[in-house]
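All ligand and atom numbering here is 1-based and tracks the order in the structure.
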Amino acid sequence: MPLLNLKNQALALISQTVSGQELAQLRIAFLGRKGQLNQVFKKLDKVNYGRQFNETKQAIESALTERQTQLTGTTAEWFDLTAPGQLPPLGHLHPISQAIAEIQRIFEHLGFTRVRYPEVDWDHYVFEALNMPADHPARDEWETIFIDAPAHPKLGQMVLTTHTSNGQVREMERVKKPPIRMLNLGKCYRRQQDPTHTIMFHQFEGLVVDKGISIPHLKGTLDYFGRQWFGPKIKSRIRPFHFQFTEPSFEVDMACVFCDQKGCRVCKNAGWLEMGGAGMVNQFVFESAGYVRNEWQGFAFGFGIDRLAMLKYHINDIRLLTGGDMRFLKQF
Ligand code: DAH
């Protein structure tokens with residue numbers, strides 16, 4: 001049955017076309033003046049097969065038109081496998097996630113490597129190894145949440161990390177032989193809740209260990225970060241303070257981004273905003289990690305990410321960051 005074979009062949013080929021160009025070629029091949037249908041027609045017994053011939057022609061024609069509409073209904077006539085894909089809408093990056101990516105980028109430029117250490121850790125790494133024994137009054141400031149589980153004979157109880165400083169001794173133990181340029185970034189927990197404090201918050205911890213490290217290296221690093229985060233004009237200063245795990249210790253201030261140091265409610269007329277703590281690594285901490293006393297020098301710093309993000313994006317209530325309101329989140 002040449003007509004039936006022809007029809008089936010034509011319909012199969014038409015259904016497999018992926019472009020208008022291919023369709024046009026098939027139209028010529030089957031329905032054109034010198035096309036296959038006319039070739040068959042020449043040899044055909046016109047009396048008996050005239051009607052079937054017309055039906056075949058019509059079937060092929062309507063298949064061509066139908067496929068044409070299908071193809072033009074899709075966006076691309078020609079499918080380029082190598083073209084980059086279109087990203088499906090996946091929501092919106094949270095401002096804290098954006099801040100974390102940006103902080104990582106800034107410190108990577110200075111040669112820091114981002115690491116992650118436990119956010120539920122032993123007392124030893126969070127406090128003891130950092131020169132904060134259980135009965136020391138300085139430790140009260142950390143308002144710790146303890147895990148109700150048996151204590152480890154050497155490492156003590158498990159706590160929700162109150163700061164990312166637990167990464168310091170963990171990193172020193174891992175590296176064993178400096179240099180170290182660590183950026184430990186993670187979640188921290190303290191018993192606190194008000195418009196500027198939440199039980200869970202984020203910190204990053206910088207740690208540099210090498211030979212001949214001194215305060216100017218620390219100040220240069222902090223200045224670089226400040227300029228990258230707040231813009232090239234930002235002023236920063238370090239001010240003497242006390243931390244058990246650094247000697248000397250500092251608090252790090254940056255010029256108030258709200259009033260340009262004229263004095264306002266946010267900076268309580270000081271013109272400066274407190275950003276975090278820093279200092280030169282206490283030799284006690286090196287010894288905790290098994291290093292020889294006075295063989296290495298280093299500096300460390302710890303900043304609150306939620307606070308940095310609030311100041312940069314002018315967010316006045318920390319609870320907005322965990323409220324999950326899309327109208328708020330979409331602004332960043
Ligand atoms: N861990 C301190 C806090 O949470 C911040 C801090 C102070 C980190 C001094 C440091 C440092 O690395 O050297 O308040």
Side-chain angles (χ1 to χ4, degrees), residues 103 107 110 112-119 121-133 136-145 159-172 175 178 180-192 196-210 213-223 225-226 236-254 273-286 288-289 296-308 318:
I103 290 163
F107 282 104
L110 294 178
F112 285 72
T113 303
R114 181 173 167 195
V115 297
R116 297 198 68 164
Y117 284 118
E119 291 168 2
D121 204 355
W122 302 107
D123 185 306
H124 174 77
Y125 290 106
V126 183
F127 294 121
E128 289 279 341
L130 297 176
N131 199 21
M132 283 191 279
H136 197 282
R139 191 156 142 175
D140 296 345
E141 287 165 29
W142 270 264
E143 298 178 280
T144 314
I145 298 168
V159 301
L160 297 187
T161 49
T162 50
H163 52 187
T164 41
S165 304
N166 67 320
Q168 292 194 17
V169 169
R170 282 196 171 269
E171 177 77 355
M172 289 175 193
V175 171
I180 291 174
R181 279 186 205 153
M182 169 198 88
L183 180 72
N184 178 33
L185 204 153
K187 294 189 180 73
C188 302
Y189 305 82
R190 293 183 198 176
R191 254 181 356 184
Q192 53 182 20
T196 51
H197 296 89
T198 43
I199 287 202
M200 187 279 287
F201 57 103
H202 302 79
Q203 273 193 350
F204 64 83
E205 187 87 9
L207 174 71
V208 168
V209 180
D210 211 329
I213 297 291
S214 59
I215 297 175
H217 296 122
L218 165 63
K219 184 67 167 75
T221 305
L222 297 171
D223 285 352
F225 172 72
S236 62
R237 68 175 188 189
I238 53 176
R239 183 164 46 77
F241 202 71
H242 175 80
F243 292 104
Q244 288 287 105
F245 35 95
T246 40
E247 181 58 37
S249 304
F250 310 100
E251 277 207 315
V252 186
D253 295 338
M254 292 198 188
L273 291 168
E274 182 200 318
M275 295 289 165
M280 305 308 293
V281 178
N282 192 327
Q283 290 297 327
F284 179 100
V285 178
F286 286 132
S288 301
W296 300 99
Q297 297 81 47
F299 65 78
F301 51 88
F303 281 56
I305 298 175
D306 309 67
R307 181 164 164 78
L308 280 172
I318 199 167

Legend entry - Candidate pair Arg114 and Phe107, rule side-chain contact (heavy atoms from CB on, under 4.5 Å), full reasoning: CA-CA 8 Å; Arg114 181 173 167 195; Phe107 282 104; over 6 Å; no
Legend entry - Test of ring centre spacing under 6.0 Å for Phe245 and His163: yes
Legend entry - Intermediate values then yes/no, side-chain contact (heavy atoms from CB on, under 4.5 Å), Leu222 and Phe250: CA-CA 12 Å; Leu222 297 171; Phe250 310 100; over 6 Å; no
Legend entry - Ring centroid separation Phe225 to Phe112 under 6.0 Å: no
Inset, instruction - For residues His217 and Val208, determine if any side-chain heavy atom of one lies less than 4.5 Å from a side-chain heavy atom of the other. - result: no
Legend entry - Residue portion contacting ligand 1 (non-hydrogen atoms closer than 4.0 Å) for Glu141: neither
Inset, instruction - Mark the output for Trp142 as yes if a heavy-atom distance to ligand 1 is under 4.0 Å, and as no if none is. - result: yes
Legend entry - Min side-chain heavy-atom separation Asn282-Gln244 under 4.5 Å: no
Legend entry - Nearest protein heavy atom with distance in Å, relative to atom 11 (C) of ligand 1: Phe245 CE1, 3.5 Å
Legend entry - Shortest heavy-atom approach to atom 13 (O) of ligand 1 - which of Leu207, Thr246, Thr161, Leu130: Thr246
Legend entry - Any side-chain heavy-atom pair of Met172 and Val281 under 4.5 Å: yes
Legend entry - ligand 1-proximal atoms of Ser165, by part, heavy-atom distance under 4.0 Å: side chain
Legend entry - Element-labelled atoms of ligand 1 that are located less than 4.0 Å from some non-hydrogen atom of Phe243: 7 (C), 9 (C)
Inset, instruction - May I ask whether Gln168 has any heavy atom positioned less than 4.0 angstrom from an atom of ligand 1? - result: yes
Legend entry - Arg239 CZ: over 12 foreign heavy atoms closer than 6.0 Å: yes
Legend entry - N/O separation below 3.5 Å, Ala300 to ligand 1: yes
Legend entry - Residue-ligand contact Ser249/ligand 1, heavy atom below 4.0 Å: no
Legend entry - For atom 3 (C) of ligand 1, closest protein heavy-atom neighbour: Arg190 NH2, 3.6 Å
Inset, instruction - Pick whichever of Glu205, Glu247, Met132, His242 has a heavy atom sitting closest to atom 10 (C) of ligand 1. - result: Glu205
Inset, instruction - Can you sort out which atoms of ligand 1 are near Gly279, meaning under 4.0 Å from one of its heavy atoms? - result: 13 (O)
Inset, instruction - Keeping the roles fixed (side chain from Arg190, backbone from Thr162), state whether a donor-acceptor pair exists under 3.5 Å. - result: yes
Inset, instruction - Note the single closest protein heavy atom to atom 8 (C) of ligand 1, along with its residue, its atom name and the distance in Å. - result: Gly302 N, 3.3 Å
Legend entry - Side chain to side chain, Leu273 and Arg307, heavy atoms closer than 4.5 Å: yes
Inset, instruction - Using a strict cut-off of 4.0 Å, indicate which atoms of ligand 1 neighbour a heavy atom of Gln203. - result: 3 (C), 4 (O)
Inset, instruction - Could you walk me through whether Phe241 and Glu274 pass the side-chain contact (heavy atoms from CB on, under 4.5 Å) test, one step at a time? - result: CA-CA 12 Å; Phe241 202 71; Glu274 182 200 318; over 6 Å; no
Legend entry - Sub-4.0 Å heavy-atom approach of Gly276 to ligand 1: no
Inset, instruction - Report the part of Phe301 in contact with ligand 1, treating N, CA, C, O as backbone and CB onward as side chain, heavy atoms under 4.0 Å; options are side chain, backbone, both, neither. - result: backbone
Inset, instruction - Classify the contact between Phe299 and ligand 1 as side chain, backbone, both or neither, using a heavy-atom distance cut-off of under 4.0 Å. - result: neither
